[in-house]
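Everything numeric in this text was worked out from a predicted model, so none of it was measured.
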Amino acid sequence: MVYCETVHEIQVNYFIPKGVNLNVKVVVFREIKGKIQTHALKSWLSLVNVLGFMLDEHETKNTKTITAYRSGDKVTFTIFHSKSEPFLYLDYIRLEPADPELVNIIDILIDKLCLSGEKHIIDDSVHLSVLFNEGKVINNENNEFDNFESLLLRETIYGLVHLCLDRMIEYKHAGSLEKVEEMKETLTKCQKCLILINKRITDE
């Protein structure tokens with residue numbers, strides 16, 4: 001197991017010991033927004049239907065809320081109507097575990113409707129963040145965006161800590177002292193990495 005010296009080098013798989021599988025993929029979309037064309041939205045809605053998602057639409061005088069869902073997973077966004085072009089906004093959605101097709105239709109929504117916003121992926125061996133501007137991927141130089149990445153990574157490490165504690169109890173009951181020591185070592189490394197992450201969040 002490797003201890004990372006800086007926050008930028010932290011990867012979740014660096015401190016996952018044998019016997020612990022962190023298979024849950026987390027995908028977060030944040031502040032997806034932009035002016036939209038009605039024909040592009042209709043095209044996306046048709047595609048969503050073809051892919052087997054149900055649609056639930058609620059309309060008021062100034063807004064329209066659309067929810068696409070299937071098997072308990074869903075995404076909801078709001079379209080605001082004004083004198084100019086309609087404006088779409090999706091504040092925050094966290095998918096855990098993430099349905100690949102649900103993630104896919106949100107990606108297509110961003111692309112087809114030329115939206116801006118953030119997408120964050122955390123898996124057992126991957127931590128990826130993407131920033132969109134009008135449907136195109138751009139380089140990130142935003143401190144707030146970096147800070148959000150740190151918060152996501154910290155949340156994932158907290159999840160690993162709880163997982164290790166549960167496993168440590170199981171190994172104690174089973175009399176597997178070697179495994180218990182592995183869990184203790186991993187928890188120590190998690191603690192050190194959390195200190196670095198919290199320092200980075202505070203500094204930013």
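When atom types are taken as modelled, the side chain of T186 and the backbone of E182 share a donor-acceptor pair closer than 3.5 angstrom. Judged by distance alone, the side chain of T63 and the main-chain N or O of F80 form no donor-acceptor pair under 3.5 Å.
Taking CG of L163 as the start and CE of M183 as the end, the distance is 8.0 Å to the nearest 0.5 Å. Distance CG/L109 to CD1/I32: 8.0 Å, rounded to 0.5 Å. Distance check, rounded to the nearest 0.5 Å: NE2 of H173 to CE of M168 gives 11.0 Å. The NZ atom of K33 lies 9.5 Å from the CG atom of D91; values are rounded to the nearest 0.5 Å. In this structure, OH in Y89 is found 15.0 Å from CD1 in I79, a value given to the nearest 0.5 Å. Between the NZ atom of K42 and the CD atom of Q37 there is a distance of 12.0 Å, given to the nearest 0.5 Å.
Both L51 and I93 belong to a common hydrophobic cluster when Ile, Leu, Val, Met, Phe, Trp and Tyr are linked at side-chain heavy-atom distances under 4.5 angstrom. In terms of hydrophobic clustering, with Ile, Leu, Val, Met, Phe, Trp and Tyr side chains grouped at heavy-atom distances under 4.5 Å, V137 and V27 are assigned to a common cluster. Residues Y69 and L55 do not share a hydrophobic cluster, clusters being chains of Ile/Leu/Val/Met/Phe/Trp/Tyr side chains in contact below 4.5 Å.
When the shell of 6.0 Å around CD of E59 is examined, it contains more than 12 heavy atoms from other residues, nucleotides or ligands. Atom CD of E57 is surrounded by more than 12 heavy atoms from other residues, nucleotides or ligands within 6.0 Å.
Of all heavy-atom pairs between G135 and D111, the closest is O-OD1, 4.3 Å. For the pair A68 and W44, the tightest heavy-atom approach, listed with the atom from each and the gap, is CB-CH2, 4.5 Å. Looking at every heavy atom in both residues, L45 comes nearest to I66 through CD2-CG2, 4.1 Å. Taking all atoms of both residues into account, the shortest heavy-atom contact from V26 to V28 is CG1-CG2, 4.1 Å.
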### Task
Using the side chain to side chain contact (heavy atoms under 4.5 Å, CB included) rule, take R167 and K179 through it: C-alpha gap first, then chi angles, then the decisive distance, then the call.
CA-CA 9 Å; R167 290 295 169 84; K179 294 291 185 181; over 6 Å; no
### Full working for side chain to side chain contact (heavy atoms under 4.5 Å, CB included) between I105 and L47
CA-CA 8 Å; I105 67 170; L47 176 61; over 6 Å; no
### Message
Applying side chain to side chain contact (heavy atoms under 4.5 Å, CB included) to T188 and K184, what does each step give before you reach the verdict?
### Response
CA-CA 6 Å; T188 299; K184 287 182 179 179; 5.5 Å; no
### Message
What verdict does the side chain to side chain contact (heavy atoms under 4.5 Å, CB included) test give for K74 and D56, after you've listed the backbone C-alpha separation in whole Å, the side-chain angles of each residue and the deciding distance to 0.1 Å?
### Response
CA-CA 10 Å; K74 66 179 181 179; D56 189 10; over 6 Å; no
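The shortest distance between side-chain heavy atoms of L115 and I36 falls below 4.5 Å.
The one candidate from D107, V75, V130 that meets the side chain to side chain contact (heavy atoms under 4.5 Å, CB included) condition with F29 is D107.
Under a 4.0 Å N-O distance rule, the pair D99/R70 qualifies as a salt bridge.
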